[in-house]
Amino acid sequence: MERTKSKMAYEEAINYIPGGVNSPVRALKAVGETPLFVDHAVGNKIYDIDGNVYTDYCLSWGVFLLGHAHPMVNKAVLSAVKRGTSYGIPSLQETELAKLVRSCFPSMQRVRFVNSGTEATMSAIRLARGYTGRNYIVKFEGNYHGHADHLLVSAGSGVARLGKSSSAGVPDSFVSQTIVVPYNDEKALEQVFQKKGKEIAAIIVEPVAANMGVVLPKEGFLQFLRDITRKYQSLLIFDEVITGFRLSVGGAQKLFGIEPDLTAVGKIVGGGFPAAAFGGKSDIMQMLAPDGPVYQAGTLSGNPVAMSAGIATLTELMKPGFYEELNTKVDAFERKIKKAIEGKGIVLSRIGPMFTLFFKEGKVENFSDVKQTDQERFARFFRYMLNHGIYVSPSQFEGNFISIKHTQKDLDRFVRLVRDFNE
Ligand SMILES: *Cc1c(COP(=O)(O)O)cnc(C)c1O
């Protein structure tokens, strides 16, 4: 498979754009490749500028549950564009999408639209701090909530400790009120709350972690978060930017039956446009400007084109049987792939239409487990799949996604390639 034009395009891009990309993982450094440049994408296929076709298991990081360029979404977008692309004045589409979001996520009694998942979690945290009058937040190691300063925090494995930023350019003081705890570790969390509980504004969590590869919450873990935050009158924030509308129409909170105080959604809700949202109980949301003292704003927030894409997307996936069809397909895929990886030193971690193949033996319950994966072998796997026309997410620390457009035939081919992988 030739990628000459992509290689040339990359050589040119790096003269103008740092690293040639506008988001770091796209550079494919972790897998020893250079990026593809996409010409167009339809359904579950992406077409690069060299004329190669790939079945897409990254789907713009989980955005395209309906597949790329869905006809109903495109129709809605084109009609919106003709009526002007931004007003800075309210439009009916904003209320319409807010209604749809709330009907899927009843815990989001009020919804504020923003432009990215980063903004949604950043604003939810500011709101939680404003509402509780407390400063500390708790996050989990390996959970990603976008790139706001105080959330770019990692921590050593095993012990909970005050965060140190994982990025240069973030003063230690900015992250001094972010406490990092290993995912799925109730004991560590209990200790943190015993010490600091009355100063903790909120726990923010990916209810199913999907930014260290897909890592499931242990049985009872989410309920434990709900209980301990109630006990200490802290808020529970679910970052459902990936899981929202993907694990079920009502995200992870519906699937696991846990009601958080605040929720962030993104990716799918924007239908392929830069839109995300946060929302929650109305008495908390009332603290936001203009009703309350917590400031939050955006020139393009609630953008009519993005709202129209979101409305069309949610309308499609709210149709009866949508998730049944999707999950039946993926259940069969799971059974087959489990067989294909037997004895290969690979662990499958899957929930609904998202999964990671971890190149290691044994359990994967937290970030330390993920760090034990064989990165070199994964890189070979990525290149092998790419050369067979399959684009998987280019890192062990990312999930793969399946859309309604992936056919049984596509999935069977994926399984066969995994079975035959021998490098
Ligand atoms: C993608 C993601 C974000 C950040 O969203 P952006 O739109 O990239 O800013 C936040 N949280 C989670 C769980 C995500 O997967």
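Order of appearance sets the numbers: ligands from 1, and atoms from 1 within every ligand.
Looking at Leu28 and Thr34, their side chains never come closer than 4.5 Å, going by heavy atoms from C-beta outward. Side-chain contact between Leu411 and Ile337 is absent, with no heavy-atom pair separated by less than 4.5 Å. Using a 4.5 Å heavy-atom threshold, the side chains of Asn143 and Asn211 count as separate.
Ligand 1 has a nitrogen or oxygen under 3.5 angstrom from a nitrogen or oxygen of Asp239. Residue His145 places no N or O, backbone or side chain, under 3.5 Å from any N or O of ligand 1.
Nearest protein neighbour of atom 9 (O) of ligand 1, counting heavy atoms only, is Thr118 OG1, 2.6 Å. For atom 14 (C) of ligand 1, the closest non-hydrogen atom on the protein side is Lys267 NZ, 3.0 Å.
The proximity of Glu119 to ligand 1, defined as any non-hydrogen pair under 4.0 Å, does not occur for either the backbone or the side chain. For Glu206, every heavy-atom contact with ligand 1 shorter than 4.0 Å involves the side chain, none the backbone.
Heavy-atom contacts from other residues, nucleotides or ligands closer than 6.0 Å to CZ of Arg102 number 12 or fewer.
In summary, the atoms of ligand 1 found under 4.0 Å from a heavy atom of Asn211, numbered by their order in the structure, are 12 (C), 13 (C), 14 (C), 15 (O). Residue-ligand proximity, Ser116 to ligand 1, at heavy-atom distances under 4.0 Å covers atoms 7 (O), 9 (O). With ligand atoms numbered from 1 in the order given, ligand 1 contributes 11 (N), 12 (C), 13 (C) to contacts under 4.0 Å with heavy atoms of Tyr144. Those atoms of ligand 1 with a heavy atom of Ile242 less than 4.0 angstrom away are 15 (O).
The two residues Glu361 and Val347 make their nearest non-hydrogen contact at C-CG2, 4.1 Å.
When Ala209, Gly117, Ala264 are checked for heavy-atom proximity to atom 7 (O) of ligand 1, Gly117 turns out nearest.
If you look at Phe367 and Phe397, their ring centroids are closer than 6.0 Å.
For the residue pair Ser91 and Glu94, a side-chain donor N or O sits within less than 3.5 Å of a side-chain acceptor on the partner.
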*Stepwise, does the ring pair (Phe, Tyr, Trp, His ring centres under 6.0 Å) test hold for His150 with Phe174?*
CA-CA 6 Å; His150 56 285; Phe174 282 29; 8.9 Å; no
